[in-house]
Amino acid sequence: MNKNRKYLVTAALPYANNFIHIGHIAGAYLPPDIFVRYKRLIGEDVIFISGSDEHGTAIEMASITEKISPREIIDRYHFANQKAFKDLGINFDIYSRTSNKIHHETAQEFFLNIFNKNILIEKTEKQLFSEKENRFLADRFVTGTCPVCGYEEARGDECPNCGSNLSPLELINPRSKITGDIPLVKESTHFYFPLGDFQNDLSDWLNGKKGWKQNVINYCKGWLKAGLRDRAISRDLDWGVKIPLKGYDGKVIYVWFEAPIGYISATKELFIERNEPEKWKDYWQNKDTKLIHFIGKDNIVFHSIIFPAMLMAHGDYILPDNVPANEFMNIGGEKLSKSKGNGILVKDITEKFSPDVIRYTLSSNFPETKDSEFTWKDLQVKNNSELAGILGNFVNRTVVFAKNKFDNKIPDLNKLSPADEVIFNYFKSQSGKLDELYDSFRFREALHNTMDCARAANKYFNDNEPWKSVKTDPEKCGSVIRVCLELCHSIAILINPFLPFTSEKILRILNVTDKDLKWQNIGKTVLVTGNSLGENMILFPQIEDSEIQKLEQQLEDGESVKSAPTHKALPQGIITVEDFKKVSLKVARVIECVPVPKSKKLLKLKLKIGDSEKQIVSGISEYYKPDELIGKLIVVVNNLVPSKLMGVDSDGMLLAAKLNGELRIVTIDGDIETGADVN
RNA sequence: GCCGGGAUAGCUCAGCUGGUUAGAGCGUCGGAAUCAUAAUCCGUAGGUCGGGGGUUCAAGUCCCUCUCCCGGUACCA
């Protein structure tokens, strides 16, 4: 192993406008923590960097809507998330933040470096300018009428109704979202990063990469194939890193460009704290350092295309050695997305379960090759039958035995029996296998192999039956228990990357320090005959069904769309009566019907349903004239979530049959009161 | 609609460049043991690898097609 090699490990910078949830942890934070802990056990030089990403329109917007300063927003999430990581034992060397001065300086230096090399392109474009605020308005700060659908609250970047991509200049009657005043059109200059210029270099660089995960490679190839385009790297915004040039007041560096530089700033900050202000260069400017970015798949393009291109442009820094991106972890079949608000937040789960139980459950099901699923039931099963049953039980039965039969002291071990040799050798060979697994980022399999050691230890205990030999051959019994105690110590090393808290507890139970907590000591004897053991404790208390049921219930209540497989093993596409009953079908009479202006297919219908009236929009004007429909009795889905089509409210859907370009509306045979249920 | 990614034992997941009887953990069932948190150990059963077609001496693994699910995109009966 190359002794000079250093590792610079980063975890994605979480955006400071939300709380971290367990999907993030499984994707981008726990894997690097495990990796780093392993590397330290084998004695490698590693630093582990992350921090909050604290700039950008979303945060400035949030500060405006909540009527507090951006600083208050980012403080709230930065400190909460910092604590969340700590509670889970995710130990960054530094968890910095991009609002720090050193980051602003570093990002500006980076910008100037490539600006001075004439790499950046300047483009002047027309943009909306607010006189009242004396600044240009970023896309999201403009609101107005959508030119496509007529919706009056369209945003500058897109219309939330019809989904059209817009530019603020296209809006009819644009207004500032902040002050409401009417902006002027002025010319504004922006910088662009010519990504396309790096296409070939990136391509060559990526092609030379060995051992990258297939999903990452595929994703990059897709981008390269589509061709890389210039990307704006400045924005008209207050909240961010200022463009360090004269004449660019009110402009900041676009957050996508500035945020990843945060990895560099954070490294600088770390070594300033350590009183070695130049040492960061040993990592960022040292060809022997391996830079590894742990991220979720949504971040692949930034870490394997854009940031490397930036680093190439700058020239003084190393490029990533690997970008082991994970997929997503879902919950109950739903994506753990912060925008949907249905994730399990770290701050909530750590109140209920110990960090190692959470770490174990997530690790055993990391989304390494595809999206994976988290369930509370799974957490319970993992705790009760694996952690408690296999690992906790082995430590406990060994220590209790020593306590009861050997006065809580470590018995002697004279000569290793063949069985002792076998178990120690097994541990050693497992540790070798684990080396490969860790280095190829296969943590799930690594955990499995780690647990195999605990299984083997239990088997050793069973096979050697110390409860029998204690009566017939106390010396032999003592050596068996001694071996088991040594195995406990080895297990403390083996599980350390995954279960650091438990690892430490085992050391305390064995009454030893962490001086022998080294990878090379796996399968070796390190304890001292005659020393007393510490106080025993139950490592993993059982988790009761009732506790899990409560959490499952909460999840279901909190999220109505959760797919609850009450009837399992139904053939695909088959639904239950309950499923069907969710749909409320009603008879309705068409009382008004007009085309939606500018639309090709849409008709707006006013319906009478019992005593109420409602409006729906239907894409049937190619088949029916408005007049044909008035007075007809039709069937509508009455409990559909309301939506807007081209800016027109639609609160339901009519039923129609369609085949090969023919479309016929479902009508009622004879007369019946509107509002009647259809089933 | 289009572009990606999926669909493998009851559950959660492995299966790299195609190669002997398709794997693991947990769960099930049976047995052994009783030191231990009713925790362990051994053994058993379980899959026509989403459906259909094709290439090949040989396909879960390659090609075509269909169905369903998940992302991204799109004026959605």
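A note on names: the letters A, B, ... follow the listed sequences, proteins ahead of strands, and every chain is numbered from 1. Just so it is clear, the structure is predicted and the values come from calculations on it, not from any experiment.
Pairing for B:C26 goes to B:G10, judged as Watson-Crick or G-U wobble with the two contacts each under 3.5 Å. Base pairing annotation: B:G18 forms no Watson-Crick or G-U wobble pair, as no partner gives both donor-acceptor distances under 3.5 Å. Of the nucleotides present, B:A32 is the one that pairs with B:U40 by Watson-Crick or G-U wobble criteria, both distances under 3.5 Å. Remark: B:G1 base-pairs with B:U73; criterion is Watson-Crick or G-U wobble with both hydrogen-bond distances under 3.5 Å. Shown here, B:G46 forms no base pair; nothing in the strands shown gives a Watson-Crick or G-U wobble contact with both key distances under 3.5 Å.
Contacts of A:Lys468 with the nucleic acid, taken as non-hydrogen atoms under 4.0 Å apart, involve only primed sugar atoms and P, OP1 or OP2. A:Gly389 comes within contact range of the sugar-phosphate backbone alone, with a heavy-atom separation under 4.0 Å but no base atom that close. A:Thr398 comes within 4.0 angstrom of nothing in the nucleic acid, heavy atoms only. When heavy atoms are screened at a 4.0 angstrom cut-off, A:Phe394 is found touching no nucleic acid atom at all. As judged by a 4.0 angstrom heavy-atom cut-off over every strand, A:Asn365 is placed among residues touching the sugar-phosphate backbone only.
B:G5 and B:G52 have their C1' atoms separated by 22 Å, given to the nearest Å. Rounded to a whole angstrom, the distance from the C1' atom of B:U56 to that of B:C68 is 30 Å. Atom name C1', nucleotides B:C57 and B:G47: the rounded distance is 26 Å, in whole Å. To the nearest whole angstrom, the two C1' atoms, one in B:G60 and one in B:G50, are 12 Å apart. Atom P of B:U61 sits at a distance of 13 Å from the matching atom of B:G6, rounded to the whole Å. B:A58 sits 16 Å from B:G53 when the P atoms are compared, rounded to a whole Å. Only the C1' atoms considered, B:G31 is 14 Å distant from B:A45, to the nearest whole Å. Rounded to the nearest Å, the gap between the P atom of B:U8 and that of B:C3 is 24 Å.
In this structure, B:G46 is classed as syn because its glycosidic torsion stays within 90° of zero.
One interatomic measurement links the two molecules: NZ of A:Lys459 to C1' of B:A36, which rounds to 18 Å at whole-angstrom precision. Computed from coordinates, the A:Lys604 NZ to B:A77 C1' distance equals 20 Å when rounded to whole Å. Going from atom CG of A:Asn404 over to atom P of B:U34 covers 17 Å, rounded to whole Å. Regarding A:Lys382, its NZ atom lies at a distance of 12 Å from the C1' atom of B:A24, rounded to whole Å. Residue A:Ile217 contributes atom CD1, which lies 17 Å from atom C1' of B:G4 at whole-angstrom precision. Atom NZ of A:Lys433 is separated from atom P of B:A24 by 12 Å (rounded to the nearest Å). Atom-to-atom, CD of A:Glu445 to C1' of B:C16 comes out at 12 Å; the value is rounded to the nearest Å. Between the CD atom of A:Glu373 and the C1' atom of B:G6 there is a distance of 13 Å, given to the nearest Å.
Salt bridge A:Lys297/A:Asp371: present, at least one basic N to carboxylate O contact under 4.0 Å.
Results of the side chain to side chain contact (heavy atoms under 4.5 Å, CB included) test with A:Phe374 over A:Asn330, A:Asn365, A:Leu379 single out A:Leu379 as the only residue that passes. When the options A:Lys382, A:His448, A:Arg444, A:Glu386 are evaluated for a side chain to side chain donor-acceptor pair (under 3.5 Å) with A:Ser364, the one that passes is A:Lys382. No option in A:Ile591, A:Ile665, A:Ile634 other than A:Ile665 meets the side chain to side chain contact (heavy atoms under 4.5 Å, CB included) test with A:Leu629.
Counting heavy atoms from C-beta on, the side chains of A:Glu592 and A:Ile630 never come closer than 4.5 Å.
For A:Phe461, whose side chain is taken as the heavy atoms from C-beta onward, the closest listed nucleotide among B:U37, B:C35, B:A24 is B:C35. The side chain of A:Ser385 approaches B:G27 more closely than any other nucleotide in the set B:G27, B:C13, B:C35. With distances taken from any side-chain atom of A:Ile390 to the nucleotides B:G25, B:C26, B:U37, the minimum falls on B:C26. Each of B:G25, B:A77, B:C13 was ranked by its minimum atom distance to the side chain of A:Ser618; first place goes to B:A77. For A:Asn458, counting side-chain heavy atoms from C-beta on, the closest listed nucleotide (B:U40, B:U37, B:C26) is B:U40. For A:Met653, whose side chain is taken as the heavy atoms from C-beta onward, the closest listed nucleotide among B:A77, B:C35, B:U37 is B:A77. Distances from the side chain of A:Asn393 to the nucleotides B:A39, B:U12, B:U37 place B:A39 closest. Closest to the A:Val400 side chain, of the nucleotides B:A36, B:C41, B:G25, is B:A36.
Considering only side-chain N and O atoms, A:Lys370 lies under 4.0 angstrom from the phosphate OP1 or OP2 of B:A7. The phosphate of B:G15 (OP1 or OP2) has no side-chain N or O of A:Arg444 nearer than 4.0 angstrom.
Nearest-nucleotide positions on RNA chain B for A:Glu386 and A:Leu539 put A:Glu386 closer to the 5' end. Map A:Leu387 and A:Asp452 each onto its nearest nucleotide of RNA chain B; the residue landing nearer the 5' end is A:Asp452.
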Between A:Phe461 and A:Val480, is a side chain to side chain contact (heavy atoms under 4.5 Å, CB included) present by the stated rule, with each step listed? CA-CA 8 Å; A:Phe461 197 112; A:Val480 168; 5.8 Å; no
Might you work through the side chain to side chain contact (heavy atoms under 4.5 Å, CB included) test for A:Met537 and A:Arg508, ending with a clear yes or no? CA-CA 10 Å; A:Met537 61 183 116; A:Arg508 252 187 290 153; 4.1 Å; yes
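A:Phe441 has its ring centre less than 6.0 Å from the ring centre of A:Phe35.
Applying the 5.5 angstrom centroid cut-off and the 30 degree plane-angle cut-off, the aromatic ring of A:Trp467 is stacked upon the base of B:C35.
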